[in-house]
Structures are given as structure tokens and as C-alpha cells.
**Q** 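Shown below is the structure under consideration.
Being a predicted model, the structure only gives us computed values, none of them experimental.
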Amino acid sequence: MTAIAKQADAKSRTAPQTGIGWLGIVRMGTVQAAIGAMVMLATSLFNRVMVVEYSVAAAIPAALVAWHYAVQITRPLWGYKSDQSRSRTPWIVAGLSILACGSVLAVDVTIMMADPGIGTALLAVLSFTMIGFGVGMSGTALLALLASRVSTARKPAAAAISWTMMIAGIVIAAGLSGAFLDPFSEPRLAIVTSIVVLVAFCAAMLALRNLERDNPPVAQQSAKHDQQSFPDALREIWKDGEARRFTFFVFISMLAYSMQDLIMEPFAGFLFAMTPGESTQLSSLQHSGILVGMLVAGLGGSLYAKRFGANLKLWIVVGCVGSAIMLGGLSFAATQGVAWPLKANVFGLGMMNGVFAVAAVGAMLGLASRGRGSAEGARMGVWGASQAIAFGLGGLTGAVLVDQLRAFTGQDAAAFQIVFSIEAILFVAAALVATGTTLVRPTQKEEAFA
């Protein structure tokens with residue numbers, strides 16, 4: 001009887017797992033939403049309050065946001081550490097705690113901007129350093145958990161659900177905090193933002209409860225990575241041609257994705273005579289397109305995988321090439337003015353961005369499990385660091401290029417036309433890089449001989 005029990009136990013441990021269910025994926029998405037809600041305060045709300053209410057130079061909050069991206073170069077280390085531990089949940093909780101504390105500290109720093117000094121500057125750097133560390137630690141461990149617990153067929157939909165919920169968290173937090181901040185006062189700012197942080201943190205804690213314990217990894221883990229040093233883990237990832245090429249793809253595509261962040265509304269204002277309210281609505285339309293694209297890629301990718309097998313490369317190329325076409329349309333729109341269907345073009349750009357972003361995240365989840373043993377965290381960290389650096393550089397590069405080109409050419413249309421064309425070229429380059437990457441997860445037999 002004992003021998004039979006041992007055989008049954010051995011079979012259960014070697015049998016392929018079906019992976020975490022849809023409810024579990026939604027719970028992980030809730031954690032992403034919490035991260036998004038807290039980060040929104042630092043990158044959007046506090047930025048606005050500093051510049052408008054306290055007349056701080058726009059370069060200061062922009063530099064702080066760029067710094068929080070720069071700090072995330074530590075993502076590979078957090079991912080590696082989570083690989084070495086028996087559970088990733090403590091790393092997610094620790095990261096969320098640091099993020100929450102950093103966000104609350106950033107509230108105090110924002111209020112102190114009314115009468116800034118050296119102490120305020122030091123606290124500002126400290127708060128955004130904590131935010132960067134918190135996002136990097138919690139986000140990387142969470143994605144590694146998602147990669148190791150979700151089956152291949154569900155990964156496209158899991159990526160869509162996770163990222164859609166993150167955007168939903170940003171939208172809800174922005175809407176509620178904006179509604180309760182009027183009339184503006186410093187005590188109201190502190191109370192409202194602290195409540196947002198508290199609610200987001202508590203929601204994430206509830207979503208994480210027993211989630212990892214009740215859902216074992218889809219594939220068996222290897223003890224090899226328990227003996228690896230951090231430099232050895234990075235070298236092994238970099239020796240993997242697939243992982244290296246995907247790192248380049250992430251950097252190029254995210255650089256193109258983020259370059260238009262700070263120039264879209266000025267573009268609408270200068271060349272289409274839109275008011276601030278109208279340009280804000282245009283930005284909202286673009287984000288609506290992103291959500292639609294994410295849902296299309298998530299649902300379509302899962303249905304496609306069930307019928308034809310996983311082929312996220314197809315969706316990535318469609319999203320990148322589609323984004324390039326839409327940016328080409330915006331470049332042409334710079335010469336056409338109000339006669340061009342700008343709203344349809346911007347919605348289309350958002351939709352193609354959404355398709356490529358979700359497909360890229362889905363591919364990331366699959367490729368994270370392709371290494372020997374269990375190194376999802378380290379791989380996710382490398383790609384997350386590449387994404388963060390690209391995001392930090394992208395927005396700044398787009399804005400600087402437009403300013404310099406406007407000064408050099410003396411023409412608004414030519415400046416925006418050149419920058420949109422550069423973005424389109426980058427998306428085409430990203431698609432070409434992606435075509436050389438096998439964005440499907442191998443079978444267990446293939447992994448054994450990888």
C-alpha cells in the first residue's frame with residue numbers, strides 16, 4: 001500500500017499541471033491594478049500638483065519620474081532573489097510595502113514643494129527611489145509567479161487580463177482621487193491619496209492570500225538555479241539567443257511606444273488647434289483604443305492558440321506594423337491639418353499599441369519558462385529593466401527631439417512629422433527583431449534537451 005502511494009505521489013509530481021484558473025489570474029490582475037493605482041499618484045497626480053498648484057518647474061517632477069524608471073534597473077536582482085526563495089509572495093508583499101510607503105512619502109514631499117529646500121529635494125529623491133524599488137520588486141516577482149503558474153494556452157488571455165486590470169486600476173484611482181480632491185487643499189490631498197494607497201495595498205494583500213500556496217508551478221522546477229550566483233544567472237540568460245534577442249525587442253518596441261507620450265497633446269494643440277480639454281479627450285480616446293487592442297489580442301490570442309497553437313510572434317508583428325502604419329498616418333496628418341481624421345487615427349494607434357503590448361507580455365510569460373530550471377524571476381527582471389530604461393528614455397527623447405526640431409526648422413509640422421516617422425521606423429525594426437524570436441513555449445520533452 002505504501003509503495004502504491006509513493007508511485008501515485010511520484011506521478012502527481014511529474015504529471016503536467018493545468019495551471020492557475022481564471023479566478024486566480026484575476027486575483028493577480030488585482031495586484032497589478034494596485035501597483036498601477038499607486039504609481040499613478042506619483043507619475044500623474046503629484047506631477048500635476050507640483051507644476052500647477054506650486055509652480056514648480058516641470059523638469060523637476062519629470063526628472064523624478066525618470067529616476068523612478070532608472071531605479072528599476074535593479075529588476076533582475078529582485079527576480080533572481082525571488083527565484084532563489086521558496087515563495088515569491090514575500091517579495092511581492094515587500095515590494096508593495098515599499099511602494100506604499102514611498103507613495104505616502106511622495107505626498108508629503110509634494111506638499112513641501114510649497115516652500116522647497118535641500119531637505120525637500122532629498123526626500124523627493126528618497127520617495128521616488130522607494131517607488132522605483134517597490135515597483136521593480138513587486139512587479140517582477142508577480143510576473144514571474146504568473147509565468148510559472150499559468151498554462152501556455154491561457155498566457156495570452158492572462159496577459160490581457162493582467163494589463164487591462166492594471167489600466168483599470170489607474171483609471172479608477174485617477175477618477176476617484178480627482179473627484180474628491182476638489183476643492184483642493186493640502187489636508188484633502190494627504191487624506192485622499194493616503195486612502196487610495198491604503199485601499200490598493202489591502203486589495204492586493206487579499207488577492208495574494210494563499211494564491212501561490214494553492215497553485216503549484218505548471219512545470220517541474222530544477223535545483224540548478226539554487227546554486228547559481230547572480231552574475232552566473234545573468235550570463236546564462238545573455239548566452240540564450242532567444243532571451244537576448246527578446247531583450248533587444250523589448251527595448252526598441254517600448255522606446256517607440258513611449259516616444260509619443262509627451263508630444264501627442266502638443267501635436268493636437270499646435271496643428272489641430274485643439275483646446276486643453278479637447279487634447280485630453282484625445283489622450284483618453286487613445287487609451288480606450290489600447291484597452292480594445294488588449295482585449296482583442298488576449299481573446300484572439302487564446303482562441304488562435306487553441307486552434308492553431310501558440311504563435312504570439314504573429315500578434316506582435318501585427319501590432320508593431322499596425323502601430324507603424326498609424327504613426328505614418330500621424331506623420332502625414334502633420335501636413336494635412338484639420339482635414340485629417342485625427343481621432344480615428346489616434347484610436348487606431350492605441351488599438352495597435354494594445355495588440356502588440358499584450359502579445360509581447362504573453363510572449364514574455366512564455367519565454368520566461370524556457371530556461372533550464374526555474375529562472376522566471378531573473379528573466380522577467382532583465383526584460384523589465386529593459387522596458388523601464390526604454391520608457392524613461394522614450395518620453396524624454398520624443399519631447400527633446402520635437403523641441404530641437406521646431407527650433408531648427410522653424411516649422412511645427414516638420415518637427416512632429418520627423419519624430420512620428422522615427423517612431424514608425426522603430427516599430428518596424430522591433431517587428432523585424434521579433435521575427436527572429438521563437439515566441440512559443442516548448443513541450444516538456446523539448447525543455448529536457450534544451
Side-chain angles (χ1 to χ4, degrees), residues 22-48 65 68-69 72 89 92-104 106-107 128 130-143 145-146 150 157-181 189 192-209 211 257-258 261 280 283-284 286-295 297-298 350 353-354 357-358 361-362 365 384 387-388 391:
W22 294 115
L23 179 59
I25 292 172
V26 170
R27 288 170 64 182
M28 289 191 188
T30 301
V31 181
Q32 281 278 39
I35 294 173
M38 286 190 273
V39 172
M40 179 280 303
L41 296 176
T43 59
S44 180
L45 178 60
F46 298 160
N47 172 52
R48 192 266 184 198
V65 171
H68 113 280
Y69 280 123
Q72 292 181 54
T89 301
I92 301 173
V93 173
L96 285 167
S97 301
I98 295 171
L99 173 58
C101 292
S103 299
V104 172
V107 179
F128 277 79
M130 292 174 67
I131 290 169
F133 278 144
V135 172
M137 187 184 298
S138 59
T140 302
L142 179 66
L143 286 175
L145 183 63
L146 194 62
V150 176
I161 291 170
S162 178
W163 252 247
T164 300
M165 290 187 69
M166 182 180 71
I167 292 179
I170 294 172
V171 171
I172 293 171
L176 290 178
S177 59
F180 287 102
L181 273 176
L189 173 66
V192 170
T193 52
S194 297
I195 290 174
V196 169
V197 171
L198 179 62
V199 170
F201 183 80
C202 290
M205 293 303 102
L206 289 173
L208 284 170
R209 188 172 183 271
L211 181 62
Y257 180 84
S258 60
D261 276 354
T280 301
S283 178
S284 176
Q286 182 181 3
H287 283 86
S288 298
I290 291 174
L291 283 174
V292 171
M294 287 180 169
L295 293 173
N353 284 170
V358 161
V361 173
L365 297 178
Q387 176 183 343
F391 260 100

**Q** Does V196 form a side-chain contact (heavy atoms from CB on, under 4.5 Å) with L176? I'd like the steps, not just the answer.
**A** CA-CA 9 Å; V196 169; L176 290 178; 5.8 Å; no
**Q** Which residue is it: I35, T140, L208, L211? I am looking for the one with a side-chain contact (heavy atoms from CB on, under 4.5 Å) to I92.
**A**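 It is L208, the one option of I35, T140, L208, L211 that forms the side-chain contact (heavy atoms from CB on, under 4.5 Å) with I92.
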**Q** Go through the steps for V358 and T164 under the test side-chain contact (heavy atoms from CB on, under 4.5 Å), then give the verdict.
**A** CA-CA 9 Å; V358 161; T164 300; 5.7 Å; no
**Q** Residues in side-chain hydrogen bond (donor to acceptor under 3.5 Å, both in side chains) with Q32, at least two apart?
**A**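 So Q32 forms a side-chain hydrogen bond (donor to acceptor under 3.5 Å, both in side chains) with S162.
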**Q** For G362 versus A159, what's the shortest heavy-atom pair and its separation?
**A**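 Minimum heavy-atom separation between G362 and A159: N-CB, 3.6 Å.
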**Q** Provide the closest heavy-atom pair for Q72 versus G132 in the form atom of the first, atom of the second, distance.
**A**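 Heavy atoms only, the tightest pair is CG-O, 3.4 Å.
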**Q** For the pair M28 and I161, evaluate side-chain contact (heavy atoms from CB on, under 4.5 Å) and give the outcome as yes or no after the intermediate values.
**A** CA-CA 9 Å; M28 289 191 188; I161 291 170; over 6 Å; no
**Q** Look at the aromatic rings of F391 and Y257 and report parallel, tilted or perpendicular, splitting at 30° and 60°.
**A**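 Plane angle over 60°, so perpendicular.
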**Q** Nearest 0.5 angstrom please: F180 CZ to I195 CD1, how far?
**A**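 Answer rounded to 0.5 Å: 8.5 Å.
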**Q** Could you walk me through whether H287 and I170 pass the side-chain contact (heavy atoms from CB on, under 4.5 Å) test, one step at a time?
**A** CA-CA 11 Å; H287 283 86; I170 294 172; over 6 Å; no
**Q** Once you round to the nearest 0.5 Å, how far does OG of S103 lie from CD1 of I98?
**A**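 One finds 11.5 Å between OG of S103 and CD1 of I98.
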**Q** Got a second to check how far M205's CE is from T30's OG1, nearest 0.5 Å?
**A**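 Those atoms lie 12.0 Å apart.
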